[in-house]
Amino acid sequence: MIDVELFNSKHTYGVAARGTPRRMALSGGVVRQGRGELRIHESLDELSTDLADYIAELSEASVKERGVFSIALSGGSLIGLMGKLCEAPYNRTVDWAKWYIFWADERVVAKNHTDSNYKLAKDGLLSKVPIIPSHVHSINDAVSAEEAASEYEFVIRQLVKTRMVSVSEVSDCPKFDLILLGMGPDGHVASLFPNHAVLNEKSEWVTFIIDSPKPPPERITFTLPVINSASNVAVVVAGEAKSEAVHLAIDDVEPDCPKLPAGMVQPMTGKLVWFLDKGAASKLDGDQFYKS
């Protein structure tokens with residue numbers, strides 16, 4: 001059993017399993033040792049609002065501390081759930097000129113292709129807020145997946161040298177202020193898929209795959225050491241179709257259960273937050289407390 005907390009527009013419900021004291025963090029989520037803070041929401045609208053608040057708060061804190069905010073995005077439904085950042089008050093109060101944008105993974109397709117994470121982010125977010133174009137760091141879509149990964153890592157290394165991106169105190173990896181991840185029904189995050197060899201990559205910051213089990217096959221992706229070196233990592237998951245993967249990634253499961261990539265997201269010194277709707281959280285231990 002784990003600690004869970006359910007957010008809705010009027011009340012906040014919390015149940016501490018087995019008498020475990022709850023430890024509150026940021027906007028009131030519950031922290032489980034080793035698996036981060038869980039924020040479970042009644043609706044996608046409330047999840048989106050909380051996510052926007054969370055990103056805006058981290059942006060403000062990072063700009064105040066470092067003068068910049070380095071953020072890595074993913075694809076899928078994540079960008080749509082970030083949509084409230086384009087609305088008041090965030091579109092006016094966030095210091096967009098200080099944002100440096102990266103992608104935790106990208107499909108090796110043209111930037112105007114429907115599968116492009118860059119296109120998804122541009123259409124859904126970047127074109128609607130005053131981001132400085134030169135601060136948007138996308139991959140070179142005119143080369144092979146291997147070359148694209150190598151070039152992208154070189155770009156990040158240059159920005160680490162100038163401290164636009166921090167460096168981890170405990171590894172030689174970049175320390176992004178925030179990495180935002182979605183999760184697939186199979187438990188993949190970024191383009192790190194279950195049982196794939198790239199899960200074992202330790203030396204590269206950015207790697208590539210040409211055999212993605214989900215099309216398109218050619219992709220680049222941050223490696224686990226880079227993800228786990230971030231100051232903050234948020235995993236955003238919605239829908240009952242992903243509830244089994246959420247359970248396997250977060251709950252204490254039997255040792256012979258497969259270890260999912262999402263469960264390998266364990267920041268070394270940073271903070272991990274899971275943003276879940278009720279459907280995605282429906283198979284978590286303790287779910288009887290928040291199923292309707």
Sorted by first residue and then second, give each salt bridge (Lys or Arg N to Asp or Glu O under 4.0 Å) pair with at least one member in [range]; sequence neighbours left out.
range	result
residues 112-138	Lys119-Asp123
residues 184-201	none
residues 69-88	Asp45-Lys84
residues 149-167	Glu153-Arg157

Say whether [X] and [Y] are linked into one hydrophobic cluster, either directly or through other cluster members, by side-chain heavy-atom distances under 4.5 angstrom.
X	Y	result
Val233	Val198	yes
Tyr118	Val155	yes
Val136	Leu159	yes

Mind checking side chain to side chain donor-acceptor pair (under 3.5 Å) for [X] and listing every partner two or more places apart, or none if nothing turns up?
X	value
Ser74	none
Asn112	none
His247	Asp251

Are the side chains of [X] and [Y] in touch, meaning some heavy atoms are under 4.5 Å apart?
X	Y	result
Val206	Phe102	no
Lys259	Met264	yes
Ser116	Arg107	no
Leu178	Phe69	yes
Thr221	Thr207	yes
Ile156	Val226	no
Leu125	Leu85	yes
Trp99	Val129	no

Verify side-chain contact (heavy atoms from CB on, under 4.5 Å) between Val265 and Ile179, making sure each step is shown before the conclusion.
-> CA-CA 11 Å; Val265 176; Ile179 295 179; over 6 Å; no

Yes or no on side-chain contact (heavy atoms from CB on, under 4.5 Å) for Leu284 and Val246, after CA distance, side-chain angles and deciding distance?
-> CA-CA 7 Å; Leu284 283 174; Val246 168; 3.9 Å; yes

Tell me, with the steps shown, if Asn140 and Glu147 meet side-chain contact (heavy atoms from CB on, under 4.5 Å).
-> CA-CA 8 Å; Asn140 180 353; Glu147 291 171 309; over 6 Å; no

Answer yes or no: does atom CD of Gln158 have more than 12 heavy-atom neighbours from other residues, nucleotides or ligands under 6.0 Å?
-> yes

Quick check: are there more than 12 heavy atoms from other residues, nucleotides or ligands sitting under 6.0 Å from CD1 of Ile210?
-> no

Considering all heavy atoms of both residues, which atom of [X] and which atom of [Y] are nearest to each other, and what is their separation?
X	Y	value
Pro261	Pro194	CG-N, 3.6 Å
Ile101	Leu73	CG2-CD1, 3.8 Å
Ala104	Ala190	O-CB, 3.9 Å
Leu44	Ala238	CD2-CB, 3.4 Å
Ala148	Ile220	CB-CG2, 4.0 Å
His137	His135	CD2-O, 3.4 Å

Mind checking side chain to side chain contact (heavy atoms under 4.5 Å, CB included) for Ser243 and listing every partner two or more places apart, or none if nothing turns up?
-> Glu240, Ser282, Lys283

Kindly write out the residues that satisfy side chain to side chain contact (heavy atoms under 4.5 Å, CB included) with Val68, not counting sequence neighbours, or none if the list is empty.
-> Arg66, Tyr100, Met164

Return yes if some donor-acceptor pair links the side-chain N/O of [X] with the main-chain N/O of [Y] below 3.5 Å, else return no.
X	Y	answer
Lys111	Ile139	yes
Lys242	Met183	yes
Asp277	Gly239	yes

Would you give the length of the straight line joining atom [atom1] of [X] to atom [atom2] of [Y], rounded to the nearest 0.5 angstrom?
X	Y	atom1	atom2	result
Ser70	Lys175	OG	NZ	10.5 Å
Ile250	Leu260	CD1	CG	11.0 Å
Trp103	Ile71	CH2	CD1	10.0 Å
Leu126	Met82	CG	CE	8.0 Å
Trp96	Asn91	CH2	CG	8.0 Å
His41	Ser48	NE2	OG	9.0 Å

Residues sharing Val170's hydrophobic cluster, by side-chain heavy-atom contacts under 4.5 Å among ILVMFWY, directly or via others?
-> Met268

Could I get the full list of salt bridge (Lys or Arg N to Asp or Glu O under 4.0 Å) partners for Asp172, not counting sequence neighbours?
-> none

State whether a side-chain donor-acceptor pair under 3.5 Å links Tyr90 with Asp53.
-> yes

Side chain to side chain donor-acceptor pair (under 3.5 Å) partner of Asp177, the single match among Ser59, Ser231, Ser62 = Ser62

Step-by-step side-chain contact (heavy atoms from CB on, under 4.5 Å) determination, Leu224 to Leu199 = CA-CA 7 Å; Leu224 277 170; Leu199 292 172; 4.1 Å; yes

With sequence neighbours excluded, give me every ring pair (Phe, Tyr, Trp, His ring centres under 6.0 Å) pair touching residues 183-207.
-> His188-Phe193

So, for Tyr54 and Phe275, is the gap between ring centers shorter than 6.0 Å?
-> yes

